[in-house]
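Reviewing the structure listed below.
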Amino acid sequence: MTGAPPGPPVTIRRATVADAAAVVAMLAEVADEGRWIATEAPVDVEQQGRRLVEDIEREDAIVLVADAGGGPVGELGLHLARYGVADLGMVVAAGWRGRGIGSALLAEAIDQARTAGAHKIALQVWPHNAAAIALYERFGFRREGYLTRHYRRRSGELWDAVVMGLPLD
Ligand SMILES: CC(C)(COP(=O)(O)OP(=O)(O)OC[C@H]1O[C@@H](n2cnc3c(N)ncnc32)[C@H](O)[C@@H]1OP(=O)(O)O)[C@@H](O)C(=O)NCCC(=O)NCCS
């Protein structure tokens with residue numbers, strides 16, 4: 001990863017059940033930031049852990065982690081719909097952002113989605129999430145739609161979302 005600050009090398013690999021607790025802890029920390037992901041604090045770690053283990057074990061999902069040697073510092077999940085679209089969600093731990101980890105996860109996810117036979121990757125992102133939108137656009141994702149006042153947050157606010165897609169065929 002060019003331009004990354006010095007630090008341990010980061011490996012992108014498929015998640016295993018042994019990663020589940022650490023990934024959920026990371027997800028809970030990102031949810032605590034309150035601005036970036038759909039999952040809201042407080043995260044039910046038991047329930048999220050069960051869901052993640054199911055995803056790791058099922059055929060129609062791909063879960064990748066970025067492993068810095070001491071455990072996962074980033075995670076990316078793809079859910080493969082029968083009609084050929086892979087829905088993507090991802091997080092990088094706050095202290096590890098801006099070092100190319102999101103890019104490395106996304107590059108591997110695109111390869112794996114294509115290998116799995118998907119013709120497209122789709123995702124939704126909050127309009128204020130400039131870093132995520134810039135990352136997705138750099139990989140060729142295009143804005144395909146805009147959902148207005150769509151998601152009710154625990155605060156009662158209604159948030160918009162940008163719909164983005166990357167054709168793979
Ligand atoms: C979005 C996210 C996954 C990116 O991961 P990352 O490891 O920081 O990604 P990278 O280091 O590979 O690249 C980040 C890019 O965003 C750019 N960036 C960072 N902040 C930015 C901003 N405010 N506006 C525009 N671009 C920004 C960086 O410059 C970098 O691009 P570059 O390589 O061309 O310089 C990470 O920020 C994250 O996990 N955020 C919280 C959770 C989240 O938003 N998930 C996505 C939900 S849809």
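Quantities reported herein were computed from a predicted structural model and do not represent experimental measurements. Note that ligands are numbered from 1 as they come in the structure, with each ligand's atoms numbered from 1 the same way. Start at 1 with the first residue, then count along the sequence.
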Give a yes or no on whether [atom] lies under 4.0 Å from any heavy atom of the protein.
atom                    : value
atom 35 (O) of ligand 1 : no
atom 28 (C) of ligand 1 : no
atom 39 (O) of ligand 1 : yes
atom 17 (C) of ligand 1 : no

If the cut-off is 4.0 Å to any non-hydrogen atom of [X], which atoms of ligand 1 fall inside it?
X    : value
V125 : 48 (S)
V91  : 39 (O)
G100 : 10 (P), 11 (O), 12 (O)
S103 : 10 (P), 12 (O), 13 (O)
I101 : 7 (O), 12 (O)
R99  : 11 (O)

Residue and atom name of the nearest protein heavy atom (relative to [atom]), distance in Å to one decimal:
atom                    : value
atom 45 (N) of ligand 1 : M90 O, 2.8 Å
atom 44 (O) of ligand 1 : N129 ND2, 2.7 Å
atom 2 (C) of ligand 1  : L135 CD2, 4.5 Å
atom 23 (N) of ligand 1 : A130 CB, 4.0 Å
atom 37 (O) of ligand 1 : R97 CD, 3.4 Å

Query raised in the report: Given the side-chain rings of W159 and W126, with only the six-membered ring counted for Trp, is the space between their centroids under 6.0 Å?
Result: yes
Requested in this report: State whether the number of non-hydrogen atoms from other residues, nucleotides or ligands found under 6.0 Å of R149 atom CZ is greater than 12.
Outcome: no
Do any nitrogen or oxygen atoms of [X] lie less than 3.5 angstrom from nitrogen or oxygen atoms of ligand 1?
X    : result
R138 : yes
A134 : no
A132 : no
V30  : no

Query raised in the report: Can you find a side-chain donor-acceptor pair between Y151 and E157 that sits under 3.5 Å?
Result: no
Find the distance between [atom1] ([X]) and [atom2] ([Y]) and round it off to the nearest 0.5 Å.
X   : Y    : atom1 : atom2 : result
W36 : M90  : CH2   : CE    : 14.0 Å
L78 : E108 : CG    : CD    : 10.0 Å
I12 : L76  : CD1   : CG    : 9.0 Å
D32 : T39  : CG    : OG1   : 11.5 Å
T16 : I56  : OG1   : CD1   : 6.5 Å

Report task. Consider ligand 1: state whether an atom of it lies below 4.0 angstrom from any non-hydrogen atom of Y136. Result -> yes
Query raised in the report: Contact between Q124 and ligand 1, counting heavy atoms under 4.0 Å?
Result: yes
Query raised in the report: Can you tell which of A131, G98, G102, A94 gets a heavy atom nearest to atom 5 (O) of ligand 1?
Result: G102
Query - Proximity winner for atom 42 (C) of ligand 1, if only heavy atoms of W36, F139, W96 are counted - result: W36
Query - Side-chain ion pair, R13 and D19, N-O less than 4.0 Å - result: yes
Query raised in the report: Is any side-chain N of the basic residue among E144 and K120 closer than 4.0 Å to the acidic one's carboxylate O?
Result: yes
Report task. Decide yes or no on salt bridge (charged side-chain N to carboxylate O under 4.0 Å, His left out) for R50 and E57, but give the supporting numbers first. Result -> CA-CA 11 Å; R50 279 195 300 275; E57 290 178 335; over 6 Å; no
Query raised in the report: Any donor-acceptor pair under 3.5 Å linking the side chain of H79 with the backbone of G89?
Result: no
Report task. Give a yes or no answer on whether the side chain of R143 reaches the backbone of G165 with a donor-acceptor pair at less than 3.5 Å. Result -> no
Requested in this report: Is it possible for you to say whether I110 and I101 belong to one hydrophobic cluster, with membership spreading through side-chain heavy-atom contacts below 4.5 Å?
Outcome: yes
